[in-house]
Amino acid sequence: MRTADVVIIGGGIVGSSIAYHLAAAGCRNVMVLERESATGKGSTGKSMGGVRAQFSTPVNIQMSLYAIPFYASFEERLGYPCDYRPQGYLFCATNERHMAYLRANFEKQVALGLKDVRLLAGDEIRAMFPQLRGDDIVGGSFCRTDGFVDPYSAMNGFMAWAADHGATLWKNATVTGIVLDGAGVAAVETTRDPISTRKVVNCAGAWAAEVAKMAGIDLPVTPLRRMLVPSEPFDQFPHTAPMIIDMSNGFHFRPESRGFLLAWNDPEETPGFKTEFEPAFVEKILTRAADRVPCFADLPVNPKRAWAGLYEMTPDHHPILGEAPGVPGFFLANGFSGHGVMHAPATGKILSDLILEGKTDLIDAKLLDLARVAENRMIHETAVL
Ligand SMILES: Cc1cc2nc3c(=O)[nH]c(=O)nc-3n(C[C@H](O)[C@H](O)[C@H](O)COP(=O)(O)OP(=O)(O)OC[C@H]3O[C@@H](n4cnc5c(N)ncnc54)[C@H](O)[C@@H]3O)c2cc1C
């Protein structure tokens, strides 16, 4: 039977980053198993590619403080591009409660070492972007090193580097079972050949609960549809703009190619494996877009180019990372709740540390373990877009 030091289930950006970090730490016999004929067909290829350190919990801020410099130096480190564009994230507060929230987050971000975040007055935002309807904007926060990457390129870069350094990627290889013995994980069964291994990482994205069940683990990760609407070319708003978030309703947008990419978390969405785009969403989002950016009333949109993908949600909007309780050798890297692209570099480092050394210095790993759910130690992230 084929053997591997570590088997990674799922070849999206998270599995690829873990493969990279393991290979970079000297672990060369790594196998990545992807059920599709190509990687990136899960959430990674559907993502908006936003990366930010403006979070509300210290652990999410710490993960971004690893990720953003990593993306900034990606090509230097790996020799492949990830198209990091540091155009920033601008949160626009429309009431004093939101402003107090941004101020509290700002304090935490600065205390943890984020240098480029600043609070803005309403007038500054109106001067920066006179195209916004600014009458109700009381202020905001902006971090210039936040921005965007191309998730597909980053995923490919991670995987290519790992493959250049000994890792193997199997496509069209669905994991169908995990074999356990008295010592924990013993093998992985696939639609290709079985693989003997003592270490497996679940990187199955929105399908992670299914894979966890194969090892007898109940994983609270649920799929939630997210839809994005790209515009046709449009030049009445600057293309150097950051991701701009209207905190009154969560509508946000960023430049993409010669147009703009629009996003909004529809509160009526319900959990489930729904990946079809809902045409009625176009009108809902354009109403919010034109309300905050009056010139977007003329934004040309072709609904056929819009798409939907899945967020992998956890009850506290933090990922679940580390070895599963009671199943030695079965590791989890799941439930990114909308942040899997920006947190993939830190996740790769944390998982590689935990697998190879049994500990990590990047975060307090106990904060993100699976046991926190049963033990009521959850820490809630509220800066979820
Ligand atoms: C519309 C949208 C916008 C988003 N915007 C952002 C953003 O701006 N910033 C950000 O950081 N994140 C964003 N996200 C979230 C981000 O895309 C995900 O968190 C991230 O891609 C998760 O990566 P992953 O590798 O864990 O999962 P995936 O990319 O879904 O990869 C999982 C892989 O596992 C494979 N798989 C599943 N089961 C099996 C099996 N049994 N055997 C073998 N293979 C299997 C799947 O085929 C898939 O390729 C967005 C998501 C969506 C949908």
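These numbers were taken from a predicted model, which means no experiment stands behind them. Numbering of ligands and ligand atoms starts at 1, following listing order.
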Look only at interatomic distance and state if S43 has a nitrogen or oxygen under 3.5 Å from any nitrogen or oxygen of ligand 1.
yes
Does only the side chain of E312 get under 4.0 Å from ligand 1, or the backbone, or both, or neither? Count heavy atoms.
side chain
Report the relative orientation of the aromatic rings in H21 and Y66; use parallel for angles under 30°, tilted for 30 to 60°, perpendicular for over 60°.
tilted
Which of parallel (below 30°), tilted (30 to 60°) and perpendicular (above 60°) describes F70 and F74?
perpendicular
As a quick check of understanding, evaluate side-chain contact (heavy atoms from CB on, under 4.5 Å) for T39 and S16, giving each step before the final call.
CA-CA 9 Å; T39 55; S16 302; 5.7 Å; no
Which option, G177, G15, S47, G42, owns the non-hydrogen atom nearest atom 14 (N) of ligand 1?
S47
Could you tell me whether G11 and ligand 1 have an N or O pair separated by under 3.5 Å?
no
Option of least heavy-atom distance to atom 25 (O) of ligand 1 (set: V14, N172, N334)
V14
Mark up the atoms of ligand 1 that fall under 4.0 Å of a heavy atom belonging to M342, in ascending order.
9 (N), 10 (C), 11 (O)
Per-atom contacts, ligand 1 versus G49 - under 4.0 Å to a heavy atom
7 (C), 8 (O)
Residue, atom and distance of the protein heavy atom nearest atom 8 (O) of ligand 1 read G50 N, 2.8 Å
Could you tell me which atoms of ligand 1, counted from 1 in the order shown, lie closer than 4.0 angstrom to a heavy atom of F336?
19 (O)
What's the shortest distance from atom 50 (C) of ligand 1 to any protein heavy atom, and which residue and atom give it?
Y311 CE1, 3.5 Å
Does the side chain of H239 pick up a donor-acceptor pair with the side chain of R258 at under 3.5 Å?
no
Could you tell me whether G340 and ligand 1 have an N or O pair separated by under 3.5 Å?
yes
Quick one: does I9 get an N or O within less than 3.5 Å of an N or O on ligand 1?
no
On a heavy-atom basis, which atom in S64 and which in A53 lie closest, and how many Å separate them?
CB-CA, 3.5 Å
Is K41 in contact with ligand 1, taking contact as a heavy-atom separation below 4.0 Å?
no
Which of parallel (below 30°), tilted (30 to 60°) and perpendicular (above 60°) describes H165 and W161?
parallel
Identify, by atom number and element, the atoms of ligand 1 in contact range of L33, meaning under 4.0 Å from any of its heavy atoms.
43 (C), 44 (N)
Does a sphere of radius 6.0 Å around CG in N95 hold more than 12 heavy atoms from other residues, nucleotides or ligands, not counting ones at 6.0 Å or beyond?
yes
Quick check: G309 and ligand 1, any N/O pair under 3.5 Å apart?
no
Measure from atom 3 (C) of ligand 1 to every heavy atom in M48, R52, E36 and give the option owning the shortest one.
M48
Considering only non-hydrogen protein atoms, determine which one is nearest to atom 12 (N) of ligand 1 and report residue, atom name and distance to 0.1 Å.
G338 O, 3.0 Å
Working note: M31 + T190, criterion side-chain contact (heavy atoms from CB on, under 4.5 Å); need CA distance, chi angles, decisive distance, verdict.
CA-CA 12 Å; M31 290 198 63; T190 84; over 6 Å; no
I'd like to know whether the aromatic ring centres of Y20 and F158 sit less than 6.0 Å apart in this structure.
yes
Relative to the heavy atoms of H339, which atoms of ligand 1 are at a distance of less than 4.0 Å?
10 (C), 11 (O), 12 (N)
What part of C203, side chain from CB on, backbone N/CA/C/O, both or neither, has a heavy atom under 4.0 Å from ligand 1?
backbone
So, regarding A333 and ligand 1 (criterion: nitrogen or oxygen to nitrogen or oxygen, under 3.5 Å), is there a contact or not?
no
Any heavy atom of L228 under 4.0 Å from ligand 1? The part involved is side chain
Flag the pair K274 and E269 as a salt bridge only when some basic side-chain nitrogen lies within less than 4.0 angstrom of an acidic carboxylate oxygen.
yes
Below 4.5 Å, heavy atoms only, C-beta onward: do D246 and F253 meet side chain to side chain?
no
Is there a path of hydrophobic side-chain contacts, each under 4.5 Å between heavy atoms, that joins L261 and V341?
yes
Identify whether I9 and L354 are in the same connected component of the hydrophobic contact network (ILVMFWY, side-chain heavy atoms under 4.5 Å).
no
Atom 1 (C) of ligand 1 [closest protein heavy-atom partner, distance rounded to 0.1 Å]
K46 O, 3.4 Å
Let's go through V117 and Q54 carefully: what are the C-alpha distance in whole Å and the side-chain angles of both, what is the deciding distance for side-chain contact (heavy atoms from CB on, under 4.5 Å) to 0.1 Å, and is it a yes or a no?
CA-CA 8 Å; V117 62; Q54 292 185 79; 4.0 Å; yes
among protein heavy atoms, the one nearest atom 44 (N) of ligand 1 is R35 N, 3.2 Å
Within a strict 4.5 Å, meaning less than it, do heavy atoms of the W207 and R35 side chains meet?
yes
Say whether M214, considering both its backbone and side-chain N or O atoms, lies within less than 3.5 Å of an N or O atom on ligand 1.
no
With sequence neighbours excluded, tell me which residues meet side chain to side chain donor-acceptor pair (under 3.5 Å) with N60.
H318, E381
Positive for side chain to side chain donor-acceptor pair (under 3.5 Å) with S73, one of R77, E76, E75
R77
Checking contacts here: is it the side chain or the backbone of S337 that comes within 4.0 Å of ligand 1, counting heavy atoms only? Could be both or neither.
neither
Side-chain contact test, heavy atoms from C-beta onward, threshold under 4.5 Å: evaluate it for R372 versus L367 and give yes or no.
no
Tell me the contacting part of R226 for ligand 1: side chain, backbone, both, or neither, using a 4.0 Å heavy-atom threshold, strictly below.
both
So which protein heavy atom does atom 31 (O) of ligand 1 come closest to, and at what separation?
G12 CA, 3.6 Å
Give me the atom names and distance for the closest heavy-atom approach of L65 to L112.
CD1-O, 3.3 Å
Please say whether G40 places an N or O atom under 3.5 Å from an N or O atom belonging to ligand 1.
no
Contact region, L310 to ligand 1, non-hydrogen atoms below 4.0 Å, reads backbone
May I ask you to check whether M243 has an N/O atom sitting below 3.5 Å from an N/O atom of ligand 1?
no
Nitrogen or oxygen atoms of E34 and ligand 1 under 3.5 Å apart:
yes
If the cut-off is 4.0 Å to any non-hydrogen atom of G10, which atoms of ligand 1 fall inside it?
33 (C), 34 (O), 35 (C)
Closest protein heavy atom to atom 21 (O) of ligand 1, given as residue, atom name and distance to 0.1 Å:
T44 OG1, 3.0 Å
Does some non-hydrogen atom of A263 fall short of 4.0 Å from ligand 1?
no
Among all protein non-hydrogen atoms, which one is nearest to atom 40 (C) of ligand 1, and what is the separation to 0.1 Å?
V175 N, 3.8 Å
Test item: E124 side-chain N/O and A121 main-chain N/O as donor-acceptor pair under 3.5 Å:
yes
